[in-house]
*Asks:* 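After the structure tokens below, expect a handful of questions from me.
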Amino acid sequence: MSSLTAAQISKLSDYLESAELERHAVSKVTDKHPSMTMADAYEIQWAIRRRKIARGARIVGMKMGLTSRAKMQQMGVASPIYGFLADYFACSDNHTVRIDELIHPKVEVEIGFYIGKPLRGPGCHLGAVMSATDFVVPAIEVIDSRYENFRFDLISVVADNASSSRFVVGDLCARPSDLDLASLGVVMEKNGEVVEVGAGAAVLGHPAASVAMLANMLAERGEHIPAGSFVMTGGITAAAAVAAGDSIFARVQSLGAVSMRFV
Ligand code: OOG
Ligand code: MG
């Protein structure tokens, strides 16, 4: 149930998107609107998405967030959420990210799914995801909460498009049925040192379960995952803060490596 008016939703979407585009941190939306609901938060997120489309951006996919215990513990929130990925979030420039385009970025290693057939809930399950997936890739996501000190509650982070900011994918891909995605080992290195390790099962028991959950959450709004979508399934480990000069290298078993450099 929504508690905000259409005018308030519109104003808050402008507030949060401006914070992203102008690279400044703002106070949480729930500070001003303590009685706003999760439904309001997704309304704000979808309004931000429409603003970007109206300005010419394309939506290339979706992401799930807070799907692993490591992430939930780090952020102090306890249930999975989704956000959208716009075309300009994809880093093509030799995997280089300019720190001055962001507020206070952190990175996390994820498994990405390229969805070949539309996925619809309710009742979407792991098997449906496996057969609809063309291939999986290793990915690094850059999250950049628009909230001061990267601190938020679940409602605020949903409104802020789940902190989505940038991502990069590796060059190696595989068919999901050729991998044991739950046992897949992941290593994240920062400046040559191992900072996090994990396995695919950290994400809801199996990364494909995260895609199924996304389809089921979207069904609540009458939406689905269209064919051709890229879906990131959520950080396997805790996220690491990065600064100019840092390089991140993520190794995913059977899927090679993906790297990102901050300047
Ligand atoms: C929210 C986004 C979480 C993930 O992979 O868990 C996320 C945040 O931690 O700022 O992208
Ligand atoms: Mg993420």
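Atoms within a ligand are numbered from 1 in the order they appear, just like the ligands themselves.
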*Asks:* Relative to the heavy atoms of Val157, which atoms of ligand 1 are at a distance of less than 4.0 Å?
*Replies:*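 What qualifies from ligand 1 is 1 (C).
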*Asks:* Glu141: which N/O/S atom is nearest the Mg ion (ligand 2)?
*Replies:*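 Going by distance to the Mg ion (ligand 2), the closest N, O or S atom in Glu141 is OE1.
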*Asks:* If you look at Glu108, which of its N/O/S atoms is nearest to the Mg ion (ligand 2)?
*Replies:*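 This turns out to be OE2.
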*Asks:* Short list, please: which atoms of ligand 1 are under 4.0 Å from a heavy atom of Lys63?
*Replies:*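 Contacts of ligand 1 toward Lys63, numbered from 1: 2 (C), 7 (C), 11 (O).
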*Asks:* Would you check the N or O atoms of Met75, main chain and side chain alike, for any that come under 3.5 Å of an N or O of ligand 1?
*Replies:*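 It does not: no N or O of Met75 is found under 3.5 Å from an N or O of ligand 1.
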*Asks:* Please report whether ligand 1 has a polar contact with Glu110, defined as an N or O pair separated by less than 3.5 Å (distance criterion only).
*Replies:*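 For ligand 1, there is an N or O atom that lies under 3.5 Å from one belonging to Glu110.
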*Asks:* Apply side chain to side chain contact (heavy atoms under 4.5 Å, CB included) to Met260 and Cys91, showing your working.
*Replies:* CA-CA 9 Å; Met260 196 174 233; Cys91 296; 3.9 Å; yes
*Asks:* Quick one: nearest non-hydrogen protein atom to atom 1 (C) of ligand 1, plus distance?
*Replies:*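 Going by distance alone, atom 1 (C) of ligand 1 is nearest to Ser163 OG, 3.6 Å.
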*Asks:* Near Gly234, which atoms of ligand 1 are under 4.0 Å from a heavy atom of that residue?
*Replies:*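 Under 4.0 Å from Gly234, ligand 1 has these atoms: 5 (O).
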*Asks:* Using the side chain to side chain contact (heavy atoms under 4.5 Å, CB included) rule, take Ser156 and Tyr147 through it: C-alpha gap first, then chi angles, then the decisive distance, then the call.
*Replies:* CA-CA 9 Å; Ser156 296; Tyr147 298 122; 3.7 Å; yes
*Asks:* Could you tell me whether Lys106 sits above the aromatic face of Phe150, with NZ or CZ closer than 6.0 angstrom to the six-membered ring centre and within 45 degrees of the axis?
*Replies:*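 The answer is yes; both the distance and angle limits are met.
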*Asks:* Identify, by atom number and element, the atoms of ligand 1 in contact range of Phe150, meaning under 4.0 Å from any of its heavy atoms.
*Replies:*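 Near Phe150, meaning under 4.0 Å from one of its heavy atoms, ligand 1 has 10 (O).
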*Asks:* Would Lys106 count as a contact residue for ligand 1, given that I'm defining contact as a non-hydrogen atom of the residue lying under 4.0 Å from a ligand atom?
*Replies:*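 No; Lys106 lies far enough from ligand 1 that no heavy-atom distance drops under 4.0 Å.
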*Asks:* Quick one: does Ser145 get within less than 4.0 Å of ligand 1, heavy atoms only?
*Replies:*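 Flag not set, Ser145 not near ligand 1.
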*Asks:* Distance under 4.0 Å to a non-hydrogen atom of Gly235: what atoms of ligand 1 satisfy this?
*Replies:*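 Under 4.0 Å from Gly235, ligand 1 has these atoms: 4 (C), 5 (O), 6 (O).
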*Asks:* Show your working on side chain to side chain contact (heavy atoms under 4.5 Å, CB included) between Arg146 and His24 and close with a plain yes or no.
*Replies:* CA-CA 7 Å; Arg146 268 57 67 168; His24 61 81; over 6 Å; no
*Asks:* Mark yes when over 12 heavy atoms from residues, nucleotides or ligands other than Lys11 sit less than 6.0 Å from its NZ; otherwise mark no.
*Replies:*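 At most 12 heavy atoms, drawn from other residues, nucleotides or ligands, come within 6.0 Å of this atom.
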*Asks:* Any chance you could measure Leu126, atom CG, to Met130, atom CE, to the nearest 0.5 Å?
*Replies:*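 It comes to 6.5 Å.
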*Asks:* What is the name of the N/O/S atom in Glu110 that sits closest to the Mg ion (ligand 2)?
*Replies:*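 This turns out to be OE2.
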*Asks:* Using the rule given for side chain to side chain contact (heavy atoms under 4.5 Å, CB included), can you reason through Val77 versus Met72, listing the C-alpha separation, both sets of side-chain angles and the distance that settles it, and then say yes or no?
*Replies:* CA-CA 5 Å; Val77 285; Met72 292 188 211; 5.6 Å; no
*Asks:* In terms of hydrophobic clusters joined by side-chain contacts under 4.5 Å, are Val242 and Phe249 together?
*Replies:*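 Val242 does not cluster with Phe249.
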*Asks:* Give the atom numbers and elements of ligand 1 that come within less than 4.0 Å of a heavy atom of Ala162.
*Replies:*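 Ligand 1 atoms under the 4.0 Å threshold to Ala162: 1 (C), 2 (C).
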*Asks:* For atom 7 (C) of ligand 1, what's the nearest protein heavy-atom neighbour? Residue, atom name and distance, please.
*Replies:*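 Nearest neighbour among protein heavy atoms for atom 7 (C) of ligand 1, to 0.1 Å: Glu108 OE2, 3.0 Å.
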*Asks:* Just need the protein heavy atom nearest to atom 9 (O) of ligand 1, so name the residue and atom and give the distance.
*Replies:*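 Of the protein heavy atoms, Lys71 NZ, 2.8 Å lies nearest.
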*Asks:* Among Tyr88, Phe89, Phe230, which one satisfies ring-ring contact (aromatic ring centres under 6.0 Å, His included) with Phe167?
*Replies:*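 Exactly one pass, corresponding to Phe230.
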*Asks:* Heavy-atom contacts with Ile143 under 4.0 Å: which atoms of ligand 1 show up? List them by number with element.
*Replies:*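 Here the atoms of ligand 1 in question are 8 (C), 9 (O), 10 (O), 11 (O).
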*Asks:* Other hydrophobic cluster members with Val263, side-chain heavy atoms of Ile/Leu/Val/Met/Phe/Trp/Tyr under 4.5 Å, chained?
*Replies:*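 Hydrophobic cluster check, Val263: no partners found.
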*Asks:* I'd like to check whether Leu66 has a polar contact with ligand 1, where a contact means an N/O of the residue lying under 3.5 Å from an N/O of the ligand.
*Replies:*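 Looking only at distances, the answer is yes, because the N/O contact criterion of under 3.5 Å is met.
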*Asks:* Does Arg49, at its CZ atom, have more than 12 non-hydrogen atoms belonging to other residues, nucleotides or ligands within less than 6.0 Å?
*Replies:*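 It does: Arg49 CZ has more than 12 such atoms within range.
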